[in-house]
Amino acid sequence: SSGSSSSRSTPLARACAARPLPAFLLGLRSAARRQAPPEASSMPSKRRNNGRSKHGRGHTAIVRCSNCARCVPKDKAIKRFQVRNMVDASSQRDLRDASVYATFMLPKLYMKMIYCVSCAIHG
């Protein structure tokens, strides 16, 4: 009786026998893998200058971020001037009242702030 059960064919068995096995089950390489790799392919670049203004220099100096003290290449760092008054508004009023000169302008404080990319975005 065991021989008669193996000779019976079901629709599923006939469909599996008619269709060849996929290449990954047979252990064969696919046609795409057999092709030669593309020559000099590189990953896509997000920016044309890669976020730096180095252009031909091999190495640039390292500066420290003003916010978190992280080491950043000088050409990659984001540089901003922070302009402040040297004295606050109430002291400025007192100086103006006590001053001999009517049009004396107090000097401003110019600070060059250097930020890493993360602090420039979030800080």
What is the distance from atom CG of Leu106 to atom CE of Met86, rounded to the nearest 0.5 Å?
9.0 Å
Short side-chain to backbone donor-acceptor contact, Ser66 and Ile114, under 3.5 Å:
yes
Do Arg64 and Val72 have side chains that approach each other closer than 4.5 Å (heavy atoms only, starting at C-beta)?
no
First locate atom OH of Tyr115, then atom CD1 of Ile78, and finally report the distance between them rounded to the nearest 0.5 Å.
10.5 Å
What distance do Cys65 atom SG and Met113 atom CE have between them, rounded to the nearest 0.5 Å?
8.5 Å
Hydrophobic clusters here meaning ILVMFWY residues chained together by side-chain heavy-atom distances under 4.5 Å, can you tell me if Val87 and Tyr101 are in one?
yes
Identify the two heavy atoms, one from Asn67 and one from Gly123, that lie closest to each other, and give their separation to 0.1 Å.
ND2-CA, 4.3 Å
Determine, step by step, whether Ser118 and Arg70 satisfy the side-chain hydrogen bond (donor to acceptor under 3.5 Å, both in side chains) criterion, reporting the C-alpha distance in whole Å, the side-chain angles of both residues, the deciding distance to 0.1 Å, and the verdict.
CA-CA 10 Å; Ser118 180; Arg70 180 179 182 155; 5.7 Å; no
Between CD of Gln82 and CE of Met111, what distance do you get to the nearest 0.5 Å?
4.0 Å
Which of these, Lys74, Lys76, Arg57, sits in a side chain to side chain contact (heavy atoms under 4.5 Å, CB included) with Arg52?
Lys76
Rounded to the nearest 0.5 Å, what separation is found between the CD atom of Gln92 and the CE atom of Met105?
8.0 Å
